[in-house]
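Notes for the one structure printed next.
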There are 2 protein chains.
Amino acid sequence: MTTSEVDRDHVQSLERGITLLLAFDAEHPEPTLAELAQLTGFSRPAVRRFLITLERMGYVRSNGSGRWSLTPRVLTIGQHYTESHALIELAQPHLLGLAEQTQESASLSTLDGAEVVYVARVPVRRIMSINVSVGTRVPAHATSMGRVLLAWAPDELVDEVLLRYPPQAITTNTVTDVGALRAALAEVRRQGWSTVSEELETGLLSASAPVRDRSGAVVAALASSTSTGRSTVEQLEREVVPLLVETADRLSADLGGTARAS
Amino acid sequence: MTTSEVDRDHVQSLERGITLLLAFDAEHPEPTLAELAQLTGFSRPAVRRFLITLERMGYVRSNGSGRWSLTPRVLTIGQHYTESHALIELAQPHLLGLAEQTQESASLSTLDGAEVVYVARVPVRRIMSINVSVGTRVPAHATSMGRVLLAWAPDELVDEVLLRYPPQAITTNTVTDVGALRAALAEVRRQGWSTVSEELETGLLSASAPVRDRSGAVVAALASSTSTGRSTVEQLEREVVPLLVETADRLSADLGGTARAS
């Protein structure tokens with residue numbers, strides 16, 4: 001066995017093991033070994049080996065009758081991200097205050113490639129068709145959070161996101177023209193916040209403002225979301241945006257950041 | 001290469017890769033390769049291979065100057081647990097209502113061996129010295145959540161937890177005598193809720209009530225926590241416990257469970 005074979009095996013089994021963990025989802029909360037093999041494309045003997053390893057580590061359990069499920073121990077993996085990023089704990093009282101004042105869900109998110117990841121959230125009511133929670137990913141181009149994060153991102157990152165992952169239409173409102181998106185980002189940067197109306201989902205409105213670290217770099221977007229049945233874009237801009245910007249600035253100050261630096 | 005060698009390699013590299021991910025924490029948010037080797041006990045070449053694999057999968061990134069950090073993508077792993085357990089989404093409005101009414105943090109947790117794992121939480125203020133978030137683990141025996149979960153757990157599970165992991169003293173108040181703990185569990189089962197005072201941390205008080213699924217099995221504990229500076233155990237029992245039990249019963253009803261079944 002040469003070193004390169006060992007390397008390849010190591011890489012592959014780590015990647016495959018995590019892929020197997022991710023095969024458990026809302027559509028497949030309790031898959032069988034055969035279903036997992038089908039979902040991942042791995043052989044049944046490989047799936048069996050990964051399940052045995054993951055069961056021994058406490059991440060999956062057999063429910064009897066051949067079905068498997070994730071254990072709450074998988075949450076610990078993400079918790080290591082949360083506890084190693086002070087921003088998330090500092091954000092909690094601000095998210096709660098914002099949710100209480102607006103009576104709408106408040107979220108904090110960061111950019112991961114062409115997607116936005118929710119890193120903290122106070123849910124007030126369900127607006128979106130998907131179940132949004134910490135770790136949920138949505139396309140950056142179609143959300144106010146993504147627009148804020150891209151507005152202050154380095155040019156090369158924006159180029160990569162817009163060129164490598166051409167913006168897809170999700171609703172009939174989604175802006176997909178790269179020139180129009182770049183203009184929208186410039187506008188967000190100028191005004192200091194973003195609102196997006198029904199570009200990710202029909203009936204969904206959201207507003208976001210940037211959160212800065214002590215160097216002034218935008219490290220997260222603070223967002224408030226509502227539905228067209230409860231608010232108009234104009235109301236959102238008049239009533240929620242000032243509160244949102246003020247809250248994001250206070251969180252930035254907690255991080256030692258310079259509010260409103262450009 | 002025999003099958004057993006392949007098996008062993010696969011198991012080991014998956015286990016080691018996840019162990020490496022977990023080496024990033026509050027104390028080591030941006031470790032170097034050398035620090036990761038020291039934290040995990042793995043060789044530097046092994047750490048390098050895992051880092052390269054995890055970087056390619058998007059779970060870690062190099063920050064330049066030899067330091068590495070977790071990306072928000074690790075949250076997605078836990079999100080698959082959250083989205084495959086309807087309980088967590090159903091709990092959100094109840095947690096928020098409880099937090100608003102009590103002006104204290106509200107939590108939902110489940111049992112994982114001898115520990116309790118927070119699976120959902122609305123933080124109001126920080127009471128504990130540790131940063132509690134979804135995925136945080138605390139010893140079951142010293143918490144009101146753990147007492148509730150053990151009170152209705154199968155006897156063989158309680159035996160395993162108490163005998164395999166003998167209860168450790170965490171504060172001078174922690175009940176560590178197995179007979180006394182069993183009596184406390186019987187009392188929780190009789191009264192339908194639990195309060196625990198300063199057994200996990202000096203100054204920390206908490207109350208918990210059981211959440212049941214449609215079969216009547218206790219699947220989670222709903223908790224409210226406060227500090228000795230803001231409440232006494234008597235106040236907690238008089239003012240918070242009735243609200244907590246009512247909220248847990250409503251969540252059980254949402255799950256199709258039978259509230260107050262024993």
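What's counted below: heavy atoms across the whole structure, side chains too, no hydrogens, waters or symmetry copies. The model shown is predicted, which means the values in this text are computed figures rather than measured ones.
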By a 4.5 Å heavy-atom criterion (distance strictly below it), what part of B:Ile18 contacts chain A: side chain, backbone, both, or neither?
both
Under 4.5 Å from any heavy atom of chain A, what part of B:Ile77 do you find: side chain, backbone, both or neither?
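Both the backbone and the side chain of B:Ile77 come within 4.5 Å of chain A.
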Under the side-chain contact (heavy atoms from CB on, under 4.5 Å) rule, what do A:Arg212 and A:Val219 come out as? Steps first, then yes or no, please.
CA-CA 6 Å; A:Arg212 298 168 186 280; A:Val219 290; 5.9 Å; no
To the nearest 0.5 Å, how far apart are OG in B:Ser13 and CG in B:Leu20?
12.0 Å
Quick check for you: to the nearest 0.5 Å, what is the distance between A:Leu163 atom CG and A:Glu156 atom CD?
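Output value for this atom pair is 12.5 Å.
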Exercise: do B:Glu104 and B:Ser224 side chains pair donor with acceptor under 3.5 Å:
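Note: B:Glu104 and B:Ser224 side chains miss the donor-acceptor criterion.
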If only side-chain N and O atoms count, and only distance matters, is there a donor-acceptor pair under 3.5 Å linking A:Ser225 with A:Ser206?
no
Just wondering, do B:Tyr118 and B:Met145 contact through their side chains at under 4.5 Å, heavy atoms?
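When only atoms from C-beta onward are counted, B:Tyr118 and B:Met145 do touch, with a gap below 4.5 Å.
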Winner by heavy-atom pair count (cut-off under 4.5 Å) against chain A, out of [options]:
| options | result |
| --- | --- |
| B:Leu111, B:Val119, B:Thr71 | B:Thr71 |
| B:Gln92, B:His85, B:Arg73 | B:Arg73 |
| B:Pro72, B:Ala120, B:Ala86 | B:Pro72 |

Are A:Leu222 and A:Leu95 close enough, and set up right, to give a side-chain contact (heavy atoms from CB on, under 4.5 Å), and what steps lead you there?
CA-CA 8 Å; A:Leu222 182 72; A:Leu95 289 170; 3.5 Å; yes
B:His80 (side chain) donor-acceptor with A:Leu22 (main chain) under 3.5 angstrom:
yes
Only heavy atoms, only distances under 4.5 angstrom. Which residues in residues 26-44 of chain B are near chain A?
B:Ala26, B:Pro29
So which residues of residues 56-69 of chain B are in contact with chain A at a heavy-atom cut-off of under 4.5 Å?
B:Arg56, B:Met57, B:Tyr59
Sort and list the pairs that fulfil salt bridge (charged side-chain N to carboxylate O under 4.0 Å, His left out) and have at least one residue in residues 77-87 of chain A, not counting sequence neighbours.
none
Pair A:Leu96-B:Val124, side-chain contact (heavy atoms from CB on, under 4.5 Å): steps then yes or no
CA-CA 7 Å; A:Leu96 197 69; B:Val124 171; 3.7 Å; yes
Please report the shortest heavy-atom distance between B:Ala221 and B:Val148, naming the atom on each side.
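Shortest heavy-atom contact: CB-CG1, 3.9 Å.
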Specify the closest pair of heavy atoms between B:Leu108 and B:Ala220, including all atoms of both residues, with the distance to one decimal.
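It is CD1-CB, 3.8 Å.
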Structural part of A:Phe24 lying under 4.5 Å from a heavy atom of chain B
backbone
Picking from A:Pro93, A:Gly78, A:Ala99, which has the most non-hydrogen pairs under 4.5 angstrom with chain B?
A:Gly78
With chain B as the partner, which of A:Leu21, A:Val134, A:Thr110 has the greatest number of non-hydrogen pairs under 4.5 Å?
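Highest number of pairs under 4.5 Å: A:Val134.
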Could you pull out all residues at least two apart from B:Thr82 that satisfy side chain to side chain contact (heavy atoms under 4.5 Å, CB included)?
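So B:Thr82 forms a side chain to side chain contact (heavy atoms under 4.5 Å, CB included) with A:Leu75, A:Ser133, B:Ile88.
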